[in-house]
Enquirer: 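Next up is a structure, given as structure tokens.
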Amino acid sequence: MSKPTTDQQLQTLIRGCEHCFTTEELEKRLDSGKQLRVKLGMDPTAPDLTLGHTVVLRKLRQFQDFGHKAVLIIGDYTARIGDPSGKSKTRPMLTPEQVKQNAETYMKQAGKVLDLSDEKFEVRHNSEWLEPMSCADVLRLMSQMTVARMMERDTFATRQKAGKEIFMHEMLYPLMQGHDSVMIKADVELGGTDQTFNNLCGRDLQRNANQPPQIVMTLPLLVGTDGKLKMSKSMGNYVAVTDTPTDMFGKVMRIPDPLMRSYFELLTDTPEEKIAALTDSPDANPRDSKEELAKTIIELYHSKEAATAAAQEFKRVHGGGTDGATDFESTLPDDIPEVAIPADMIKDGEVDPLSVTVHCFNEKSRGVAKRLIAESGIRLNGEVITDPQTPIKIKTGDILQRGKRKFAKIALQ
RNA sequence: GGUAGUGUGCCCGAGCUGGCCAAUGGGGACGGGCUGUAAACCCGUUGACGAAAGUCUUCGCAGGUUCGAAUCCUGCCGCUACCA
């Protein structure tokens with residue numbers, strides 16, 4: 001394939017971005033023909049990647065495909081502050097070992113999207129230059145920003161308004177992140193829209209350091225499976241890139257319909273016309289469109305076969321209008337975790353319903369198990385358990401079910 | 001440093017003229033129903049132990065008053081606002 005023209009690159013790169021500061025600069029920089037250094041910051045505290053992370057990673061990959069270099073910054077030093085965008089208060093200080101381990105996991109997972117070859121990928125830790133800074137260095141850094149400008153930042157502004165505390169050191173975060181850009185001479189920095197301020201900071205600092213300011217491209221935040229909040233691990237509304245095909249399928253099928261379009265746009269390469277046909281057309285059956293979405297995503301992180309298999313399993317388990325095979329056995333998912341039941345829990349082949357429930361599903365007390373049973377939420381081989389008192393007969397291979405989608409395969413010991 | 005206010009269960013937030021408070025309400029979460037395991041909607045549950053009666057632990061922390069305290073008093077700590 002011949003080298004794509006500046007214009008082709010530009011069109012592809014801009015697509016899907018929320019903002020680009022500025023497109024003209026990007027065009028000029030691409031036109032120079034040199035390999036651009038495209039920066040992406042990574043927080044070493046959250047090693048499990050979600051589809052939310054992949055939105056930015058996919059963009060980075062596009063740059064790589066055009067021959068540019070991805071520069072991953074591991075924010076091992078900035079993690080000590082904690083990004084003020086997050087709500088979490090004090091962050092535990094990470095040991096170098098933890099950072100290393102987290103970074104490895106990250107890379108392993110990011111590798112599903114990125115090209116990790118040396119000529120297109122570089123990793124740096126920001127402790128490399130932040131750690132040795134003297135107080136004078138920090139003063140110099142701080143003198144480049146005014147309080148007023150800092151307070152413009154939405155998270156600071158809203159917190160201020162809400163009467164929430166803001167700590168001085170938090171204001172250092174954007175500066176440090178910007179300083180990273182200076183140190184690695186970034187041409188472009190990518191990030192979610194919540195990073196806009198931080199990334200723009202880099203432009204100012206670079207300008208002051210007589211560097212051409214980086215182009216800042218921000219990508220939309222992926223809404224989580226709950227349909228409301230930004231996808232994040234802490235909110236539990238995420239799909240992890242390491243999720244099994246079955247899990248991915250189930251989670252994607254459960255997203256609210258209106259989210260389909262953005263998922264297609266941000267997470268897949270599906271061409272616009274097809275997206276329109278699947279999501280906007282009145283003929284499109286939303287269920288089928290969503291299945292298509294789920295399969296497309298699984299293909300990206302697993303394989304085509306896995307995608308098809310997951311779809312079939314889903315149909316079978318949830319009886320999506322198939323041949324009426326509704327007996328209990330045939331509607332079980334494939335991968336039910338096996339739970340060993342300790343011998344002392346069993347008496348004459350019977351167990352106390354409360355104990356097994358707590359044991360199999362890790363409930364936090366017998367009280368919640370009791371409630372679940374009272375609410376007809378616990379089933380043994382498809383039969384609802386009605387009385388928490390009556391011991392139940394149990395044998396290896398039995399299926400205990402909690403709610404709609406938690407299962408455990410009994411294994412007596 | 002001064003003055004005023006405030007600190008409640010996963011979160012927000014009532015209660016605070018003492019007992020009827022394990023503590024109203026909302027959100028979230030969970031379970032059931034309806035569905036396309038979507039959304040919306042309806043019903044229910046949401047401190048621990050107990051079959052239950054009941055018992056225990058919980059309203060920033062530590063003491064005190066009282067038959068009895070989330071509620072009153074004292075000290076401490078945190079947060080907020082105004083003033084300095």
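Protein chains get the first letters and strands the later ones, always in sequence-line order, with residue 1 at the start of each.
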Enquirer: P atom, A51(B) versus A39(B): distance in rounded Å?
Expert: 36 Å

Enquirer: What residue among K59(A), Q195(A), K39(A) forms side-chain contact (heavy atoms from CB on, under 4.5 Å) with L190(A)?
Expert: K59(A)

Enquirer: Provide the distance between the two P atoms, one in A70(B) and one in A62(B), to the nearest whole Å.
Expert: 14 Å

Enquirer: In B/S/- notation, 5' to 3', how is nucleotides 38-44 of chain B contacted by protein heavy atoms closer than 4.0 Å?
Expert: B-----B

Enquirer: Atom CG in L266(A), atom OG1 in T54(A): separation rounded to 0.5 Å?
Expert: 8.5 Å

Enquirer: Counting primed atoms plus P, OP1 and OP2 as sugar-phosphate and everything else as base, spell out the protein contacts along nucleotides 46-53 of chain B at 4.0 Å heavy-atom distance: B, S or - for each nucleotide, 5' to 3'.
Expert: S-SSBSS-

Enquirer: Taking only the P atom of each, what is the distance from C12(B) to G1(B) in whole angstrom?
Expert: 28 Å

Enquirer: Judged by modelled atom types alone, do Q109(A) and H53(A) share a side-chain donor-acceptor pair under 3.5 Å?
Expert: no

Enquirer: Would you please enumerate the stems RNA chain B participates in, each stem being three or more consecutive Watson-Crick or G-U wobble pairs with both distances under 3.5 Å?
Expert: B:1-7 with B:77-83, B:10-12 with B:25-27, B:28-33 with B:41-46, B:47-49 with B:54-56, B:60-64 with B:72-76

Enquirer: State, to 0.1 Å, how close A110(A) and L49(A) come at their nearest heavy-atom pair, and which atoms those are.
Expert: N-CD1, 3.7 Å

Enquirer: How about D387(A): does its CG atom have over 12 heavy atoms from other parts shown lying under 6.0 Å from it?
Expert: yes

Enquirer: Is K112(A) atom NZ crowded by more than 12 heavy atoms from other residues, nucleotides or ligands, each under 6.0 Å away?
Expert: yes

Enquirer: Closer to the 5' end of RNA chain B via nearest nucleotide, is it G377(A) or G250(A)?
Expert: G377(A)

Enquirer: Figure out the CZ/P separation between F314(A) and U35(B), and round it to whole Å.
Expert: 16 Å

Enquirer: Return yes if some donor-acceptor pair links the side-chain N/O of D76(A) with the main-chain N/O of H125(A) below 3.5 Å, else return no.
Expert: no

Enquirer: How many angstroms lie between atom SG of C360(A) and atom CD of Q401(A), to the nearest 0.5 angstrom?
Expert: 12.5 Å

Enquirer: More than 12 foreign heavy atoms under 6.0 Å from NZ of K100(A): is that the case here?
Expert: no

Enquirer: Within this structure, what is the CG-CD1 distance for the pair L400(A) and I378(A), rounded to the nearest 0.5 Å?
Expert: 6.0 Å

Enquirer: Return the value, rounded to whole Å, for the distance between atom CD of E363(A) and atom P of C30(B).
Expert: 12 Å

Enquirer: Between G50(B) and C41(B), how many Å separate the two C1' atoms, rounded to a whole number?
Expert: 37 Å

Enquirer: Please give me every residue in residues 355-362 of chain A whose heavy atoms get under 4.0 Å of an atom in RNA chain B, ordered by residue number.
Expert: none

Enquirer: Say we look at A22(B) and U58(B): how far apart would their C1' atoms be, to the nearest angstrom?
Expert: 8 Å

Enquirer: Where do N or O atoms of nucleotides 82-84 of chain B meet protein N or O atoms at under 3.5 Å, pair by pair?
Expert:
none

Enquirer: Can you check the distance between G47(B) and A23(B), where both ends of the measurement are the C1' atom (answer in whole Å)?
Expert: 11 Å

Enquirer: Rounded to the nearest angstrom, tell me the gap between atom CG in L372(A) and atom C1' in A29(B).
Expert: 12 Å

Enquirer: Could you check how far CG of N237(A) sits from C1' of C11(B), rounded to whole Å?
Expert: 16 Å

Enquirer: Write down the distance between CG (D288(A)) and C1' (G36(B)), rounded to a whole number of angstrom.
Expert: 9 Å

Enquirer: Just how far, in rounded Å, is P of U45(B) from CD1 of I373(A)?
Expert: 17 Å

Enquirer: Let me see the working for N199(A) and Q177(A) under side-chain hydrogen bond (donor to acceptor under 3.5 Å, both in side chains), right down to the final yes or no.
Expert: CA-CA 7 Å; N199(A) 296 356; Q177(A) 198 172 313; 3.2 Å; yes

Enquirer: Is the count of non-hydrogen atoms from other residues, nucleotides or ligands lying under 6.0 Å from E104(A) atom CD greater than 12?
Expert: yes

Enquirer: For V223(A), does its backbone N or O pair with a side-chain atom of Y263(A) as donor and acceptor, under 3.5 Å?
Expert: yes

Enquirer: When rounded to the nearest Å, what value does the distance between P atoms of G26(B) and C43(B) take?
Expert: 11 Å

Enquirer: In plain terms, say whether R29(A) and E24(A) are close enough for a salt bridge, that is, a side-chain N and a carboxylate O under 4.0 Å apart.
Expert: no

Enquirer: C1' atom, A4(B) versus G54(B): distance in rounded Å?
Expert: 45 Å

Enquirer: With under 30° as parallel and over 60° as perpendicular, where do the rings of F314(A) and F249(A) fit, or are they tilted in between?
Expert: tilted

Enquirer: Test of understanding: with ring-ring contact (aromatic ring centres under 6.0 Å, His included), list the residues that count as partners of F21(A), not counting sequence neighbours.
Expert: H19(A)

Enquirer: Look only at the side chain of S303(A) and the backbone of E299(A), and say whether a donor-acceptor pair between them is shorter than 3.5 Å.
Expert: no

